[in-house]
Amino acid sequence: MTFRTTFLAAVIGMAAAISAHAQTMKAADVHPPGYPTVVAVENMGKKLEAATNGRIKFQMFPNSVLGGEKEMIEQTQVGAIQVLRTSLGPIGPVVPEVNVFNMPFVFRDIPHMRAVIDGPIGQELLDKITASPAKLVGLAWMDGGSRSLYTKKPVRKPEDLKGQKIRMMGNPVFVDTMNAMGGNGIAMGFGEVFSALQTGVLDGAENNPPSFYTTNHFKAGAKYYTQTNHLIIPEILVMSKVTWDKLPAADQALVKKTAREAQMEQRVLWDKAVADYTVKLKAEGVEFINIDNKPFFDATAPVRAKYGAQYADLMKRIEAVK
Ligand code: BDP
């Protein structure tokens, strides 16, 4: 072989090796462009692109264009979506172990939730997802704030919820939670809530201020926002195991590192979004009803008992986190 052919062969070999790992990953989210989770994942993609000289890129599919969360989780499991940011809520039916974070009032407040997800328990749960047969790799957590109730009629105590149909995310834990809080929990996809509120199929729903605002649910008649703070559910970033298994170890490490950075970046964006959207909701005439949420906490004790029995030790460890 001449020098020239050896050189050419080496160049071709390198190009083949590079293209074998070159990929544009589909990243998906139900939220619109500009939402904290979408921005943090886009920035993670930019970092990966820079660190791999363009070998790995993200293409963001926001606004549920690839489906609701249940459908997107399924697509991620088979590798049709590579990176998914979803609520942990709909992961529960696929990886039951995560339901410990999906229980009502399991976290005292946002700082408590953040301390848990940033620490060893957070890592253990990510690892449980990865080790489960679900074909998902748990990469990082994000902040989903605190969920409160919004309804067409004011609610101040559990009795006020009697007969009211309230949309919950698709997971039996949440339907049980709403039933225990006094209403009728109805599992429904995020994208169907607006018209269900308009047509009277629903009397209310529950979410954090950024989601309440960006979905326009207050324009479908839900004007009362009762500060129940009944669910503090972290969001999660997962990668398809189909994709993960094909990545060289160095790329896997880079993905994990940039995902953890996205976790921290999203938090800063999140706090600003909660403050901004709270102001916007009030400007739209949404009435924030401040209550003592203890009656709702007490009413949901049976839900924690029912689902928490299997995680008794873990729940003690969560409670002990300062
Ligand atoms: C939002 C979460 C999103 C969920 C949505 C819901 O960020 O992942 O899909 O709630 O209620 O707060 O379905």
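In each ligand, atom 1 is the first atom listed, and ligand 1 is the first ligand listed. For the single chain, residues carry numbers from 1 onward in sequence order.
- With hydrogens and angles ignored, the 3.5 Å screen pairs a side-chain donor or acceptor of Thr130 with a backbone N or O of Gly138.
- If you check the side chains of Gln266 and Asp143, you find no donor sitting under 3.5 Å from an acceptor.
- Protein residues are said to neighbour a ligand when one of their heavy atoms lies under 4.0 Å from it; for ligand 1 these are Val30, His31, Glu69, Arg85, Ser87, Arg147, Arg167, Met169, Phe190, Asn207, Asn208, Ser211, Glu235.
- Geometric assessment of Arg114 against the ring of Phe107 yields a negative cation-pi assignment under the 6.0 Å and 45° thresholds.
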Which pairs of donor and acceptor atoms, one on a side chain in residues 278-289, lie under 3.5 Å apart (sequence neighbours left out)?
residue: Thr278; atom: OG1; partner: Val274; partner atom: O; Å: 2.6

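- In summary, the aromatic rings of Trp141 and Phe101 are positioned with their centroids under 6.0 Å apart.
- Counting non-hydrogen atoms of other residues, nucleotides and ligands closer than 6.0 Å to NZ of Lys135 gives a total of 12 or fewer.
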